[in-house]
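Take a look at the structure set out below.
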Amino acid sequence: MTALATPERTRPRGVAPTAGLRRPRRYGRVLVYAALLLGAIPTILPFVWLVRSALMTDTQMFVAPPEWIPDPFQWSNFGEALTAQPFGLYLLNTVIIAVVCVLGTVFTCSVAAFSFARLRWKGRNVVFALLLTGVMLPYAVTIIPTFVMWQELGAIDTFVPLTVPAWFAGAGGGVFNVFLLRQFFLTIPFELDEAAYIDGASPWRVYWTVVMPLSRPAIVVVTIFTFIGTWNDFLGPLLYLQDESKYTLSLGLASFQSVFITQWGYLMAASAAVIAPIVALFFFLQRYFIEGVTLTGIKN
């Protein structure tokens, strides 16, 4: 008599029993997505409320119970709000400051991080430790002496105090960017540097042609952090800018709020227009952002 064939004996050799494992994995993935969706709702809800309010009249906005879908859509709120003040000029000023700060921060912070991560020089670790202590210094402590310095230099009511510090390793917040880039640079194999040096490359050549092209995710993270910080900066423009023609979007929005405080539809529309570029930037660069944050700190 022959033994009855079992599923284990009839399965071809080399074929793994994956059919039974796919279902639990699929259920686990659905649970993970459901948990992420529930966690995202509290974050997305304020932005949805902002956009919804920007498309409503003041009367419809405060109806109880609240209505989520505008009826009708008040698209004119955006046009009226953005033309009530020169937001186009504010946008241009903000873009100029943000671009200059991003270029300066990425260049100087990456050069400093390259020196700390890829070069060997005496006292490197001590200098890096002293640099990290700058993170513990509150920004409020340096406001008055920094303002007095720029006042003595005659730079008040110009973009100089808002842009020049970015070309010195980002100043204040640049310490974190140096640390972030240094940790990422350490993940790049040193054999690439040695091969380039053997071919006669200089440290600048290694920095520009070897390290920087391989560090795109970390560079994108620093770019996003710097751009968002500059775009949303309110205290800096408030301290140094006096002429209304030089206002940034954050400062212009604050002055707009003081004038149109009772016209909530205009205020919501202006706020949504100011936030939209940041949301679009993160949406298009989120893959590099997540990759850069994930890989930073991982050794070879």
Same cluster (ILVMFWY, side-chain, under 4.5 Å), Ile143 and Val148
no
Around atom CD1 of Ile69, are there more than 12 heavy atoms of other residues, nucleotides or ligands at under 6.0 Å?
no
Would a hydrophobic clustering, with Ile, Leu, Val, Met, Phe, Trp and Tyr connected at side-chain separations under 4.5 Å, put Val48 with Ile278?
no
Anything under 30° is parallel, anything over 60° is perpendicular, the rest tilted; go ahead and classify Phe256 against Phe87.
perpendicular
How about Trp208: does its CH2 atom have over 12 heavy atoms from other parts shown lying under 6.0 Å from it?
no
Report yes or no: do Ser115 and Trp121 form a side-chain donor-acceptor pair below 3.5 Å?
yes
Rounded to the nearest 0.5 Å, what's the gap from CH2 on Trp49 to CH2 on Trp68? Could you check?
5.5 Å
Quickly, which of Ile198, Leu119, Val206 forms a side chain to side chain contact (heavy atoms under 4.5 Å, CB included) with Asp193? Name it, please.
Val206
I need the minimum non-hydrogen distance between Leu55 and Pro70, along with the two atoms involved.
O-CB, 3.3 Å
Arg124, CZ atom: more than 12 neighbouring heavy atoms under 6.0 Å
yes
Would you say Leu89 and Leu249 are hydrophobically clustered, going by side-chain heavy atoms of ILVMFWY under 4.5 Å?
no
Nearest 0.5 Å, please: how far is CD1 in Ile97 from CG in Leu241?
6.0 Å
Step through the shown structure and confirm whether more than 12 heavy atoms of other residues, nucleotides or ligands are within 6.0 Å of CG on Leu37.
yes
Quick one: list whatever passes ring-ring contact (aromatic ring centres under 6.0 Å, His included) with Phe128, sequence neighbours left out.
Phe116
For the pair Trp231 (side chain) and Val274 (backbone), establish whether a donor and an acceptor sit closer than 3.5 Å, ignoring hydrogens and angles.
yes
If we ignore hydrogens and angles and just use 3.5 Å, is the side chain of Asn177 paired with the main-chain N or O of Thr105 as donor and acceptor?
no
Side-chain donor-acceptor pair present, Thr248, Ser250, cut-off under 3.5 Å
yes
Would you compute the distance between atom CD of Gln74 and atom CE of Met268 and round it to the nearest 0.5 angstrom?
15.0 Å
Is there a path of hydrophobic side-chain contacts, each under 4.5 Å between heavy atoms, that joins Leu132 and Val126?
no
Donor-acceptor pair, distance only, cut-off 3.5 Å: does the side chain of Thr57 make one with the backbone of Gln60?
yes
Looking at Glu67 and Arg52, what are the two nearest heavy atoms and their distance?
O-NE, 2.7 Å
Value for OG (Ser255) from OH (Tyr90), rounded to nearest 0.5 Å, stands at 4.5 Å
Would you say Asp199's side chain and Ala201's backbone share a donor-acceptor pair under 3.5 angstrom?
no
Spell out, as yes or no, whether a donor-acceptor pair under 3.5 Å connects the side chain of Asp157 to the backbone of Gln242.
yes
Test side chain to side chain contact (heavy atoms under 4.5 Å, CB included) on Leu239 and Trp150 and set out the steps.
CA-CA 11 Å; Leu239 288 174; Trp150 290 119; over 6 Å; no
May I ask you to establish whether Arg118 and Phe190 are in a cation-pi arrangement, using a distance under 6.0 Å from NZ or CZ to the six-membered ring centre and at most 45° from the ring axis?
yes
